[in-house]
Amino acid sequence: MEILSLNNEEQHIVLSEGEKRHIVLLNPLCARLFVQQQSRSELSLHCLFLPESESVSSADISIMQDGKECRTVMYGMALLCGKEQFSLETHVLHNIGGGYSEQTVKCLLADSARGSFYGELVIAKDAQKTEAHQTNRNILLSPNARMDTKPQLEIYADDVKASHGATTGQLDAAALFYMQQRGIALQDARRMLLHAFLSDVMNSVPADNVIAESFDRKFNSLSV
Amino acid sequence: MLDILNLHASVGGKEILKGIDLHIGEGEIHALMGRNGAGKSTLSAVLTGNPAYTVTEGSVTFRGKDLLAMSPEERAREGLFLSFQYPVEIPGVSMVNFMKTAVNERRKHLGLEPLSAAAFLKLKREKEQLLDISQKMQNRSVNEGFSGGEKKKNEVYQMAMLEPCLAILDETDSGLDVDALRVVADGFNKIRKPDTSAIVITHYERLLEYIRPDYVHVLYGGKIVRSGDASLAREIDERGFDWLEK
Ligand SMILES: Nc1ncnc2c1ncn2[C@@H]1O[C@H](COP(=O)(O)OP(=O)(O)OP(=O)(O)O)[C@@H](O)[C@H]1O
Ligand SMILES: [Mg+2]
């Protein structure tokens, strides 16, 4: 696993045939990442926005599956508060058939934080038997927080499996009350539910102290 | 234990409870019956402090304290437990973690040290056995993917772990098969201490064969229209509610 922290930088990466790579983009600021995948390569990518100070962060990620039977698994996560802002753009291009891609983006926005996710997914005409999924789930912790989501699917092949879904909401009131009825304080119940919400993304990150510490610091500083 | 005086409450702008009076002494079991939509679950929601419900009039005293002034979690820590009619699924929150937090909050309130990991495990095993619950079930997320009957068992398991002073069982019998009903009712009777009180909401007299009520009440039109002993439940089982609503 390699951790990149691109600040006003652009990086090009090529995954050669059969190569497996795990990249973590931690707190990118105006970052551009291009990844070109050759046959049967596997890319695992995390893009984590856990800003330590008020900032406007952005990442623009392009992944091109240029060889057959590539695998791309991407997770995005943003924890924002105050007046912080982030934007994530992803472009996943399936140019050759038989590939697989999966994107899961989860965001937690408190106070008057703002976020946007633009997810472009293109399956070219010849990219038959492609499987591609995209989900974006957001929780707004304050009425002043805002999240804009724009999925953009362009599918030109006919024999593919593709899905996308986006939701933005609040914590489940019935679950919160159930926990309170068992004696768990409302604030603790909220934190437990938020932890659960983010757990699939966090569990997918390989164990790393820097990431774990920066997640905990940010998570604990959010007024839930 | 519990004193309800002239309790009025509404939900979604509609008044459901229109003057409930109910006194529950230590160790007493009260059955609460009434048609679908009569307001039985509304009463449990109001007593436990569900924020979706508004109390418009009346008072409730629980163990000498003003119940309505307490937050839902304070009521629970004080010893009020609700076995939900519809237990909630909480994906991503493990049953073990949930239960450990709940048990230790109750203990803290009682001035007790938190349980050690080993002591918690021992207690958990003991209560699982009492209710014939598999350990596997307890390794999953709270109620997630549990069958209807498993959810009800899980409610009574939580009651066993928390040892409340007053338990409200809201249709805990619905969804349980005959054997499970016996296990849950026997479990309930074993968990109960002599001074544990209960409100048992049910549509079926069958449960009351196992958990014998001292009193039976019928809710209609937002009020308790009839109170009696266990024979009232038998009579309702035979004759329905019509004759009580005149
Ligand atoms: N959020 C709500 N908004 C409007 N009406 C509600 C709401 N919740 C409950 N009610 C109404 O309140 C009334 C009482 O419901 P409640 O669930 O207390 O009945 P119950 O006696 O428990 O019935 P059952 O035996 O079917 O469980 C019903 O008419 C129901 O439709
Ligand atoms: Mg009900």
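Residue numbers begin at 1 in each chain, while the letters A, B, ... track the order of the sequences.
Per-residue heavy-atom pair counts under 4.5 Å with chain A were compared for Val142(B), Asn50(B), Thr101(B), Ile90(B), and the maximum is reached by Asn50(B). Taking chain B as the reference chain and counting heavy-atom pairs below 4.5 Å, the highest number among Ala185(A), Ala173(A), Ser199(A) is found for Ala185(A). Contacts with chain B were tallied for Arg182(A), Gln180(A), Met192(A), His195(A); Arg182(A) has the most, counting heavy-atom pairs under 4.5 Å. For chain A, the option among Glu78(B), Arg75(B), Glu105(B) with the highest count of heavy-atom pairs below 4.5 Å is Glu105(B). For the set Ala52(B), Ser94(B), Ala76(B), Gly92(B), the entry with the most heavy-atom pairs within less than 4.5 Å of chain A is Ala76(B).
Within 6.0 Å of CZ in Arg137(A) there are 12 or fewer heavy atoms belonging to other residues, nucleotides or ligands. For Asn209(A), the CG atom counts as loosely surrounded, since its 6.0 Å shell holds 12 or fewer non-hydrogen atoms of other residues, nucleotides or ligands. Around the CZ atom of Arg114(A), the shell of radius 6.0 Å holds no more than 12 heavy atoms that belong to other residues, nucleotides or ligands. Remark: Glu154(A) CD is packed, more than 12 non-hydrogen atoms of other residues, nucleotides or ligands lying under 6.0 Å away.
Contact annotation for Asn104(B): neither backbone nor side-chain heavy atoms come within less than 4.5 Å of a heavy atom of chain A. Contacts of Val103(B) with chain A are absent, with no heavy-atom separation under 4.5 Å from either backbone or side chain. There is no contact between Leu198(A) and chain B, counting heavy-atom distances below 4.5 Å. Neither the backbone nor the side chain of Pro164(B) comes within less than 4.5 Å of any heavy atom in chain A. Interface remark: Leu82(B) contributes backbone and side-chain atoms alike to the contact with chain A (heavy atom separation under 4.5 Å).
In this structure, Ala196(A) and Val93(B) approach most closely via the heavy-atom pair CB-CG2, 3.9 Å. Pairing each heavy atom of Phe177(A) with each of Pro51(B), the nearest pair is CD1-CD, 3.8 Å.
For the atom pair CG of Asp188(A) and CD of Glu73(B), the computed distance is 8.5 Å after rounding to the nearest 0.5 Å. The CG atom of Leu47(B) lies 10.5 Å from the CD atom of Gln181(A); values are rounded to the nearest 0.5 Å. Taken to the nearest 0.5 Å, the CG atom of Asp172(A) stands 10.5 Å off from the CD atom of Glu89(B).
By the 30° and 60° cut-offs, the orientation of the rings of Phe98(B) relative to Tyr178(A) is parallel.
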